[in-house]
Amino acid sequence: MSKVRIYSLAKDLGVDNHKMLEILDGLGVSYKSVSSTIEEDTVELIKQILEEEAQGGAASTAEPTPDAPAEATTPRTAQAEASEAAKQGSAAPAPSATATAEREPEAAPAAPEVPHRAPVVTIMGHVDHGKTSLLDYIRKTKVAAKEAGGITQHVGAFEAQTSKGRIVFIDTPGHEAFTTIRARGANVADIAIIVIAADDSLMPQTREAIAHAQAAKVPMIVAINKVDLPQADPERVKTDLTQLNLVPEEYGGDLVVVPVSAKTGEGVEDLLEYISLTAELEDLRADPKAPFSGVIIESRVDRQAGVLATVMVQQGTLHVGDFLVVGEGYGKIKAMTDSNGGRIKEAGPSTPVQILGFSEAPASGETVLSAKNEHAAREVIAGRASDRRDAENARERRRLTLEEMMGE
Ligand code: GDP
Ligand code: MG
């Protein structure tokens, strides 16, 4: 019992990871992530601090050093953190909120609370490294089968229930989904899982996937898959990653690497736990009461049903009957299906839903907004169309001017 990982200490002591990092910041202890290890001495200090806080002794800890742990919430990032801590509700221990309240009365009673939302995860990697198998395994074990009339509805995303809460997976593995969506300026994924087969290590598409995640500034978790194979060599994968400057935690870096097998299920639970941990650190929040906005994941035309569009709700809540605007088109939600194929009437943040009601198939990555009524929807579209024409005309004028100049 020499060193302990931050998150497991947090778990043992019954505080959340944010709180733990706050204390470490206050102590001036450096760390790379919640899975970094800390020394025994530090553990003792943390326990003392928590005990004192529990006894309401925030003032006493403030005495010895100016940046004592109890004050960590106040100096570090001012109100943002203070309100964040206050917003954490049950997760935030009362003492720190009290400490803040004493010093900075205006920061403590945080405005309406913005709730946490589930993380949205995308899976990328080289062909045949097991992306689909891994998703299938998670889907089979973590998604309650509730398919409408036994028909597997392809929604393009699914929600997994884990012991750590809900996780949403984008079910269209591959870079295409990621890049086409990103090309339109939208970022749907909060976390990228890079799947690397243990018998094949880094391949061209693995490097591409890593580059995409880095460009999008999305936190990455590496899943070394197929560890059940006799020829599996997870150490080689880690060494190869190090050569890309991605240093696994056990080599002293901050890259989370989880060995898994989509065949036997080994490590999948750990992977889900790491996803939850990463999400917790990202502090993902969205207001279900805010105006709706979402992103098209994919859409297709069903010969019988018509246009089916998968939308990821990013903010606000969708209801059957709402008017939606996408690009220069609009639609009214006639029906909504969740990722299990069940009919639903409303959907909040981080919920993927399939929507029936658009007249034309919207493109992946398009932003979706809601409008009060049909009239408002038409107005928004008319405005967009005229903006587009103006831009086109301006371009044409520039082209003509340029031609004139060249002709002279
Ligand atoms: P994708 O192209 O990345 O989606 O890869 P697939 O999921 O289609 O998997 C490619 C092949 O590897 C299939 O034949 C899978 O059965 C196999 N495979 C995937 N995961 C594992 C695993 O963990 N262990 C073993 N032994 N085979 C796997
Ligand atoms: Mg596949």
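Only a predicted model underlies this, so the values are computations on that prediction, with no experimental measurement involved. Counting starts at 1 for both ligands and their atoms, in listed order. The figures that follow rest on heavy atoms only: side chains count, while hydrogens, waters and symmetry mates do not.
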Inset, instruction - Number the atoms of ligand 1 from 1 as they appear, then name those within less than 4.0 Å of a heavy atom of Ser261, with their elements. - result: 23 (O)
Legend entry - Donor-acceptor pair between Asp254 and Tyr31 side chains, under 3.5 angstrom: no
Legend entry - Under 3.5 Å side-chain donor-acceptor pair for Ser201 and Asp240: yes
Inset, instruction - For Leu229, take its heavy atoms, then give the atoms of ligand 1 lying under 4.0 Å from any of them. - result: 26 (N)
Legend entry - Modelled atom types, side-chain donor and acceptor of His126 and Asp200, under 3.5 Å: no
Legend entry - Subset of ligand 1 atoms that lie under 4.0 Å from at least one heavy atom of His126: 3 (O)
Legend entry - Neighbour count >12 (heavy atoms, 6.0 Å) for atom CD, Glu273: yes
Inset, instruction - Look only at interatomic distance and state if Gly130 has a nitrogen or oxygen under 3.5 Å from any nitrogen or oxygen of ligand 1. - result: yes
Inset, instruction - Could you name the option among His129, Lys226, Lys263 that has the heavy atom nearest to atom 11 (C) of ligand 1? - result: Lys226
Inset, instruction - Please examine the side chains of Leu246 and Met220, heavy atoms only from C-beta on, and report whether any two atoms are closer than 4.5 Å. - result: yes
Legend entry - Atoms in ligand 1 flagged as close to Asp128, the criterion being non-hydrogen separation under 4.0 Å: 1 (P), 2 (O), 3 (O), 5 (O), 10 (C), 12 (O)
Inset, instruction - Using a cut-off of 6.0 Å, state whether more than 12 heavy atoms not belonging to Asp390 lie near its atom CG. - result: yes
Legend entry - Closest to atom 15 (C) of ligand 1 (judged by heavy-atom distance), picking from Gly125, Ala223, Ser133: Ser133
Inset, instruction - Give the ring-plane orientation class for Phe323 versus Tyr330, where under 30° counts as parallel, over 60° as perpendicular and anything between as tilted. - result: tilted
Inset, instruction - May I ask you to check whether Thr132 brings an N, O or S atom to under 2.8 Å from the Mg ion (ligand 2)? - result: yes
Inset, instruction - Return the option from Asp228, Val195, Val227, Thr132 holding the heavy atom at the smallest distance from atom 22 (C) of ligand 1. - result: Asp228
